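This structure is a prediction, so every number in the text was calculated from the model and none was measured. Proteins get letters first, then strands, A, B, ... in listed order; numbering begins at 1 in each.
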Amino acid sequence: MALQNPTPSEYIQHHLTNLTYGYHPDNGWSFAHGAQEASEMGFMAIHVDTMAWSVGLGILFCWLFRVGAKAAHAGVPTGVLNFVELMVEFVDKSVKETFHGKSSLIAPLALTICCWIFLMNLMDLVPVDLVPYLFMSTGVEYMKIVPTTDVNATLGMSIGVFLLIIFYSIKIKGVGGFVGELTLQPFGKWMIPFNLLLEGVGLIAKPISLALRLFGNLYAGELIFILIALLPFYLQWFLSVPWAIFHILVIVLQAFIFMMLTIVYLSMAHEHH
Amino acid sequence: MNLNLTLIGQLIAFTIFVIFCMKYVWPPISAALVERQKKIAEGLDAADKAARDLESAKSQIEDELRQARTQVTELLEQANKRSSQIVEEAQDKARAEAEKIMASAQAQIAQDAAQARESLRADVAKLAVVGAERVLGATVDQAAHKKLLAALAEEL
């Protein structure tokens with residue numbers, strides 16, 4: 001259902017709606033036509049565009065780095081290997097500066113987070129109308145190409161990190177140590193409920209803040225691109241070029257922040273208080 | 001902005017990518033980096049060692065050159081000394097030879113002179129006798145005048 005001469009709010013609404021496939025109470029398993037139907041589907045729905053673009057970009061990352069890994073040798077590096085080694089060394093340095101334990105998981109985890117989020121954020125620099133327009137002409141109604149502007153994507157990753165935090169906390173400190181950390185600080189054993197509330201909020205805040213920071217920044221950035229796209233075409237470059245240049249910084253920075261905070265949280269999980 | 005199954009899907013995708021990266025991407029690259037680090041360190045060590053070797057070779061060359069130079073001067077000195085010695089010896093020899101030749105020549109001369117004098121003396125005595133015979137017109141008694149003639153010849 002292509003919109004003919006949409007109002008600005010319809011245009012924005014359209015650009016911020018995911019292509020949703022799910023179980024609708026009335027229509028059964030189907031693609032949602034509009035945000036209303038999508039929200040009626042509740043939890044039993046999936047954002048096809050978010051999944052496709054993020055998995056595609058993840059496969060691109062894996063392929064690129066696998067090419068580098070296969071070419072890896074101790075001689076003079078060339079081409080893809082140069083770039084891959086640059087990234088690996090950068091991540092390795094960041095991990096070693098913050099995390100002092102020994103873990104074969106954290107460095108690859110950080111590399112994956114950094115590169116994958118960067119690639120997903122990078123989609124933000126594709127002109128906002130281009131891909132939706134192309135898909136519209138093949139009959140696909142909605143297409144949101146920046147997975148990190150979907151809170152499901154960022155929350156999915158941050159929940160992964162959260163599970164790792166809990167796993168390492170229990171692995172390093174034992175169940176007793178982890179529960180003790182949650183209940184016996186900062187006020188001692190006579191204030192256990194209060195301590196639990198305080199530490200519990202602190203613990204839950206980690207994945208939520210991770211997810212919402214990335215989501216919020218990219219969502220806002222995308223929204224501004226959409227608003228700029230509403231201007232007359234001869235004015236657009238005047239705003240969209242500076243914003244895009246600024247956004248290059250933002251997308252790298254957000255990928256880096258997500259990676260660094262993951263490392264910091266995991267190194268905190270490894271330390272005894 | 002709806003929370004739905006995408007969340008779980010993303011979590012699964014994320015897990016798979018991390019595991020892939022952990023198994024197939026990170027180990028070979030970091031191993032290669034470590035190995036390259038080792039190789040570079042070895043290379044730098046080798047370069048240092050080569051520089052040190054060069055330095056020691058240079059100083060060795062200088063030593064040998066200095067030694068050769070002193071040897072050459074020594075040899076030259078020796079040769080000079082030897083040549084002057086040879087010259088001196090030759091001069092001495094020549095001088096000695098010359099003296100010898102001169103001595104023998106003088107002896108010869110002296111001998112010849114003596115001989116000549118002797119023969120002259122004999123001739124004079126004979127001439128004197130002949131002269132006297134002519135003067136006296138008679139044969140001189142050889143025996144009687146022999147003593148007188150010898151005395152005369154001695155005086156000449």
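One finds the CD1 atom of B:Ile29 at 7.0 Å from the CG atom of A:Leu81 (value rounded to the nearest 0.5 Å).
In this structure, the portions of B:Tyr24 lying under 4.5 Å from any heavy atom of chain A include both its backbone and its side chain. Heavy atoms of A:Leu164 lying under 4.5 Å from chain B are absent altogether. Neither the backbone nor the side chain of B:Ile40 comes within contact range of chain A, judged by heavy atoms closer than 4.5 Å. In this structure, the portion of B:Leu33 lying under 4.5 Å from any heavy atom of chain A is its side chain and not its backbone.
Ring geometry for B:Phe17 versus A:Trp116: interplanar angle over 60°, hence perpendicular rather than tilted (30 to 60°).
A:Asp92 places a side-chain heavy atom less than 4.5 Å from the side chain of B:Trp26. Between A:Asn152 and B:Leu5 the shortest side-chain heavy-atom distance does not fall below 4.5 Å.
The minimum heavy-atom distance between A:His47 and B:Asn4, with the atom names listed, is NE2-ND2, 3.2 Å. B:Gln10 approaches A:Ser54 most closely through the heavy-atom pair NE2-OG, 2.5 Å. Listed here is the closest heavy atom pair of A:Ala72 and B:Ala32: CB-CB, 3.7 Å.
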- Task: Before giving the answer on side chain to side chain contact (heavy atoms under 4.5 Å, CB included), spell out for A:Ile113 and B:Val18 the whole-Å C-alpha distance, their side-chain angles and the decisive distance to 0.1 Å.
- Result: CA-CA 8 Å; A:Ile113 287 174; B:Val18 169; 5.7 Å; no
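In terms of modelled atom types and a separation under 3.5 Å, the side chain of A:Arg66 and the main chain of B:Val25 share no donor-acceptor contact.
Per-residue heavy-atom pair counts under 4.5 Å with chain A were compared for B:Glu35, B:Met22, B:Lys23, and the maximum is reached by B:Met22.
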